[in-house]
Structure formats: structure tokens, C-alpha cells
Amino acid sequence: MSTEKNTPSSPSLNFIEEIIEADLAAGKYQNIVTRFPPEPNGYLHIGHAKSICLNFGLAQKYKGYTNLRYDDTNPVTEETEYVDSILADVQWLGFQPANIYYASDYFEQLYDWALKLVKAGKAYVDFSSPEQIAEMKGTPTEAGKDSPYRNTSVEENLALLERMRAGEFKDGQCTLRAKIDMAAPNMHMRDPIMYRIKHAHHHRTGDKWCIYPMYDWAHGQCDSIENITHSICTLEFIPHRELYDWYIDSLDIYPSHQYEFARLNLSYTVMSKRKLLQLVNEQFVSGWDDPRMPTISGMRRRGYTPESLRDFAQRIGIAKRENMIELSLLEFCIREDLNKIALRRFAVLDPLKVVITNYPEGQTEWLESENNPENPETGTRKLPFGRELFIEQEDFMENPPPKYFRLHPGGMVRLKSAYIIRCDNVEKDADGNITAVHCTYFPESRSGQDTSGLKVQGVIHWLAAEHAKTATVRLYDRLFTVEDPAAEEDFKQCLNPESLRVIENALIEPALAEVSAGDRFQFTRLGYFCVDPDSTAEKPVFNRTVTLKDSWAKVSKKA
RNA sequence: UGGUCCAUGGUGUAACGGUAGCACAGCAGAUUUUGGUUCUGUUUGUCAGGGUUCGAAUCCUUGUGGACCAACCA
């Protein structure tokens, strides 16, 4: 009588893992085989990442393997650009497909099987128009009607199918349909189309074929050919399962099984390829890899790490319930990872000049500052300090509210890794705008050897004017202003006009002068930033991945 | 108005007939040379009504609510 459940060593399983463990325990399989089956008609997004982590993760956990299979059954929407990006994204996420296959690899086999169904009297060629087929299909509440071509003889159907393949018919002139049940409550069972005619160039098979299999006529058999044990897809395919099984049964081939889980929905973004394509085509974003996009390539460019995405996929779980994940969870995952690995650097985005009136003119001191307090092994770097400095506009207020710990007239702050300063007075232009603040510093308060005995509440970052370099900084924010843009009449009406703010002349410390694309840093007190490929030797470009949590913003907003 | 799937704090996700737990978010506090991190504490939940049972989030049933299904898309 042991109570093994709920021990920390046996974390709970999701429903697919339960199915797999039951299958394994029953000896149904020795090992499992899964597949990730994207259609190469767009870039992968964070929802695909959930599926990738699920499929590859399951295979790793249960000692099986995962195939990448491009579901390329529709030549008019599919392109090699997408094929390439998909593999790159899967690998970047940290997974290696056991095999890379294409549904189009199996076109000949599929055709043979179609012949088999025709011979068995289970498929027929239908010359009805798309409108007529839709008409005869009925509705969810009324049965459909049989097509007049439904009882064509096997011999004639065979000849017709061969002529379809041979290219004797025009696009849309006829289709091959499975003969199932026009009165089935499941619409997908009302004589589904197996082949349609498209005289179109296929990215792999070229002009070899002019008939192309529909999703249902391809997917299950591809799974079967590859001996996929657990074919995992999203909820909207539930009604397809009956047909999936019908084809496999009718063909008497390896019985793969389909299981469905709820797709990811993330707040403040859209997740459909169609909508993402619109954003790209209509140039609301710079491309599929625009850092505001929820695509894997966009998130990579934004600075997300593969680890953070895998962690996110793990945390959101797998279930059958429709869900809307809060963006804050994703942000938590990337902050948690970056906090551990990103080196700290100083940058001033919105500069305000500070003159240390009691610091010698022309003098520069090189001070040490930690690279990452979370990981002392990363050591320190040198920061120049001088008489003229820049701080953030935000870090000074002439008339501060209560609890404002930063610089203000008569107040003191610590310049991080440097000295404590006190603000003595401000310099203004004719319009009354503050152009500089004058401070005195306390030489004995130097960081690491402070004997001043002074206590300050605020610590701010800063840059020596003489040594500051410039950079372009792109501040990204959520792409949409509403939680669920897809639920709106027109999702494009909800685009966030402030989703990107570009700062052309941000100031950065010298240690940031030479960086390469993909490098990630924490700009102290500002957030995490990633070097963009647009960077040049003269001027680096930094993308803000995510801000730091800002509890002062909350406090000051409330006041 | 046919069929299918689903329903646990604000958001996700566990509990497999026996104390409703975890994470994120929120709130409060401690620490802090990042108003970051870390640590501590804490508010909030089983859709509703019947039934089975000593005992129901869990099983049955009826409602209610949501999602999906009528592309020659996947």
C-alpha cells in the first residue's frame, strides 16, 4: 500500500502523457513516434512552438523520435522560403527532427491508395461544380443529397481518375470523392473530396502532378506511412478524426491515432497565419521577423531565448480547454532567463546633462562595475567617470512627489558603481526647460570604498558625456491595444500606435561599442535589449526585448 | 435549431471517489549600490439544479455558458 502519487519526483501528467503511458503499459507500442506537420505557407509562431515542444518533448521523454513533415498538399500557397524558415525555427528552438519528410514524398503512394478505394467502390469522380457540391452537402442540421455521379461504375471511375491525373480536365472540372454517407451528422463524412485538380507548379514535385490530395486524404496516411503512434493536432481537427480513422480502416494500413489539444492564445496578439500574413503584406510590420510579431523569428529578433520559450511552453501546460494566456507569463519567462545570463550595461535613452561642479575639469576615472550580480563569475567592466555626465530625464524632478528616491534639488542619489552626488541647482533655457543640473560629488563615497557615511535611497545609472557612444534603440511594446484582437470586427483597428518607438541617438557606454547581432544585455534599470542585425560598425541597433519590472511606475501612477 | 468537444481563483494548470495544490498576475512586508533580483506573508476558485455515495471538483442526469463543424484551405 504505497502512496506514490503526489510525490515531488512524479509530477502530474498532461492528458496526452497519460494516454501514452497507458499505451506503453499495455504494450501497445515499444516506443512512440510523433511528428510536427506544418504547412509551408507562412512562418512559425509561438503557437507552433507550443506544438513543437509538445511533440519533440514527448518523444524525448518516452524515448521515441519526431519527424518534421511539411504538409505541402496545396501548391498555390506553399513556398520554399517558408520551408527553410520552418526548419531553422525548429532547430533554433533546440530540436532536431529524426527525419525530414514532405507529404509530397507520398503522392504516388496516395494515388495508389486512391485507386484501391475506387476499386473497392469507395470513391468516385464527381463532375459537380463547387457550388453544386456545397448545395448537396446539406447543413449541420439537414442531411445532404447524393451526387448524380455517386453511382458511376468502378471501371468508369478508374478510367476517369486516370484521366484526371493525366491532365485531361481543367481546374475545378471534377474531383475524386470518398463514398461515405451524405446523411452523416459529421459534415466531414459527407463524401469528402480526396483530390482536386490544380494545374499549378509545386515547390517540390514541379509539374509532375495536376491533382493534389486534400488535407484529410493525405494526413492520416502520411502518419501511417511513418508509423506515427500519436498524431497530435489542435482542437478544430476533432471532427476530422472520424474521417482520419475511416481512411486508415478502409485502406487497412498502420493505425496511427489522432489526439487533439487546445491551441495557444496569447493576449494582445493574434495567432492566425492569415492575420499575420495580412500584417506583413499590408506593411503594418516590417516583415515576418518584425520583433513585434509573435512569430518565432520575430521573437528571436526581439531577443527571446529558446530556453525561455521552452519554459513558457512547459508552464502553460497541455489541455483541451480553450485558453488565453496572459502576456505577463511570457514576460516572466524571458526575464527569468535573461536575468541569469544577460550582462549589465549602462545606456541613457533620454539624456539630461549633469555637471559635477567640484570634479576637476578634464579628469577621467575608470570605475569598475559588475557584469552580472546574479553571476559574479562574469566579472566586471570599466566605466569612465568625468565632470560632465548624462542621466535619464526621468531620474530627475524639480518638484518630486513623495517617495521619489531619485535626484531632485537638495537631494542626493548614488550614481551606480560611482559616487554619491547632491543636486545644488538647475540650469534653464529661456523657455524654462531644464538644460542641465549642477551637482557636487562626495569623493569619499566612491563605490566599494565608501567612507562617507552617507545614506541615500536612490541609485541611478549614468554615462560620462565625453565617452558616451550613440546607438539606435527600438522600444517595442504590445502590438495591439486589446486583449483579444481576433475577437474584434477588424483586428487591424486595434493596432497599438506605440508598439514601436525608435530612439536614434541613445547613449551607450564604451563597452557596448563593439557588439554583434543577437548579443543580449540588460541596460541597467531599463530592461533587456538584443542587438539587431540592422546594426552597423558605426552604430549598433538595440531592440528592447522586455522592460524590467517597474514597481515605481505602479506607485507613481497610483499617486 | 443536428453533431462533437469543453467548463476549478484575475490567467493557466493539478488533484484520477477521501485535506482543492502549483505557477503567473495582484496585494503587504524584508533585503538590496538596478524601485531589478531574492525572500516572507497574503486576497481570490470547483458554472447551476437534481441524483449515486459514509464521502463528489471527480461518477450519473438535466440545464446554462463557451468553442468547433456546411473551402476543390490546413
Side-chain angles (χ1 to χ4, degrees), chain A residues 5-6 11-14 18 37-39 41 71-74 76-78 126 128-130 133-135 137-144 171-177 184-188 190 193-198 211-212 214-216 218-219 233-242 260 262 267 273-274 315-333 335-336 339-340 344 346 369-370 373-374 403-406 413-418 420 445 447-448 450 456-461 522-527 547-556:
Chain A
K5 64 174 183 176
N6 295 336
S12 61
L13 305 175
N14 65 50
E18 285 181 353
E39 181 187 14
N41 67 346
D71 215 338
D72 56 350
T73 57
N74 187 355
V76 305
T77 56
E78 296 154 5
D126 194 331
S128 305
S129 69
I133 287 182
E135 175 69 30
K137 198 142 207 166
T139 68
T141 53
E142 320 161 60
D171 285 11
Q173 195 175 345
C174 60
T175 57
L176 182 72
R177 291 230 259 168
N186 181 347
M187 299 292 289
H188 294 273
R190 322 246 262 226
I193 291 170
M194 294 164 62
Y195 280 109
R196 73 292 213 185
I197 297 173
K198 281 177 191 280
I211 58 172
Y212 290 94
M214 296 288 290
Y215 166 84
D216 291 297
H219 205 95
C233 61
T234 48
L235 256 27
E236 63 271 27
F237 289 93
I238 288 176
H240 294 252
R241 189 175 60 227
E242 190 179 357
E260 311 87 8
S267 62
K273 273 198 225 171
R274 204 191 101 256
R315 285 170 184 271
I316 59 179
I318 298 295
K320 300 187 76 159
R321 191 184 333 170
E322 295 285 339
N323 60 78
M324 175 69 77
I325 306 291
E326 290 177 348
L327 189 58
S328 59
L329 180 62
L330 218 209
E331 293 184 336
F332 168 83
C333 292
R335 284 191 187 111
E336 187 180 57
N339 179 49
K340 288 181 305 193
R344 298 317 91 140
F346 287 178
S369 188
E370 60 212 346
E374 302 300 313
K403 300 262 186 71
Y404 185 81
F405 299 162
R406 284 113 96 146
V413 289
R414 150 113 24 219
L415 296 175
K416 186 169 168 60
S417 301
I420 291 173
S445 68
S447 197
D450 184 349
V456 294
Q457 288 190 104
V459 179
I460 64 176
H461 61 282
Q522 182 196 100
F523 289 176
T524 299
R525 299 209 307 132
L526 296 177
T547 61
L548 256 27
K549 271 173 71 176
D550 188 353
S551 45
W552 167 244
K554 276 181 204 161
V555 174
S556 59

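In this text the structure is predicted, and so the values were computed from the model without any measurement. All chains are named by letter (A, B, ...) in the order of the sequence lines, taking the proteins before the strands, and each is independently numbered beginning at 1.
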Against the side chain of A/I238, the closest entry in B/G26, B/G12, B/C5 is B/C5

**Item:** Side-chain-base donor-acceptor pair under 3.5 Å for A/R414 and B/U33
**Value:** yes

Within the 4.0 Å heavy-atom criterion, would you say A/K549 contacts the bases, only the backbone, or no part of the nucleic acid? sugar-phosphate

Please work out if A/S447 contacts a base, only the sugar-phosphate, or nothing of the nucleic acid, heavy-atom cut-off 4.0 Å.
base

A/K416 has its side chain closest, among B/U13, B/A14, B/U33, to B/U33

Next item on the list: Please tell me if the side chains of A/T175 and A/D126 come closer than 4.5 Å, counting only heavy atoms from C-beta onward.
Entry: yes

Testing B/C73, B/G35, B/A15 for proximity to the side chain of A/S12, the answer is B/A15

Taking B/A74, B/A14, B/G36 as options, the one with an atom nearest any side-chain atom of A/D71 is B/A74

*asked:* Students often get this wrong, so: under 4.0 angstrom with heavy atoms, is A/K273 touching a base, only sugar-phosphate, or nothing?
replied: nothing

Problem - Any donor-acceptor N/O pair under 3.5 Å between B/G10 base and A/E326 side chain - result: yes

Assign each of A/S128 and A/S417 the nucleotide of RNA chain B bearing its closest heavy atom; nearer the 5' end lies the nucleotide of A/S417

Note: for A/G448 and A/D72 on RNA chain B, the residue whose nearest nucleotide lies more 5' is A/G448

With the side chain defined as heavy atoms from C-beta on, A/R315 is closest, among B/U34, B/A23, B/G12, to B/A23

Report task. May I ask you to say what A/F346 touches in the nucleic acid, namely base, sugar-phosphate or nothing, with a heavy-atom cut-off under 4.0 Å? Result -> nothing

What's touching nucleotides 64-71 of chain B from the protein side, N or O pairs under 3.5 Å?
{"unit_1": "B/A67", "atom_1": "O2'", "unit_2": "A/E322", "atom_2": "OE2", "d": "2.9"}

Residues A/P239 and A/N186: closest non-hydrogen pair is O-ND2, 2.9 Å

Checklist entry - With a centroid cutoff of 5.5 Å and a plane-angle limit of 30°, would you call A/Y215 stacked on B/A74? => result no

Query - Mutual orientation of the aromatic rings belonging to A/H240 and A/H188 [parallel < 30°, tilted 30-60°, perpendicular > 60°] - result: tilted

Dot-bracket for RNA chain B, 5' to 3', Watson-Crick and G-U pairs with both distances under 3.5 Å, [ ] for crossing pairs, | for partner on another strand, reads .((((((..((((....[..)))).(((((.......)))))....(((((..]....))))))))))).....

Using a heavy-atom cut-off of 4.0 Å across all strands, would you classify A/P38 as base, sugar-phosphate, or nothing?
nothing

Atom P, compared across B/U43 and B/A20: separation rounded to whole Å: 15 Å

* Please confirm whether any donor atom in the side chain of A/E374 sits under 3.5 Å from an acceptor in the base of B/G36, or the reverse. => yes

| said: Heavy atoms only, 4.0 Å cut-off, all strands: where does A/L415 land among base, sugar-phosphate and nothing? | reply: nothing

query = Quick one: the side chain of A/R321 and the base of B/G12, do they pair up donor-acceptor inside 3.5 Å?
reply = no

Regarding the side chain of A/F332, the nearest nucleotide among B/A25, B/C73, B/U33 is B/A25

**Any donor-acceptor N/O pair under 3.5 Å between B/U34 base and A/Q522 side chain** = yes

Quick note, A/Y404 side chain, CB onward, closest among B/C27, B/U13, B/G35 is B/G35

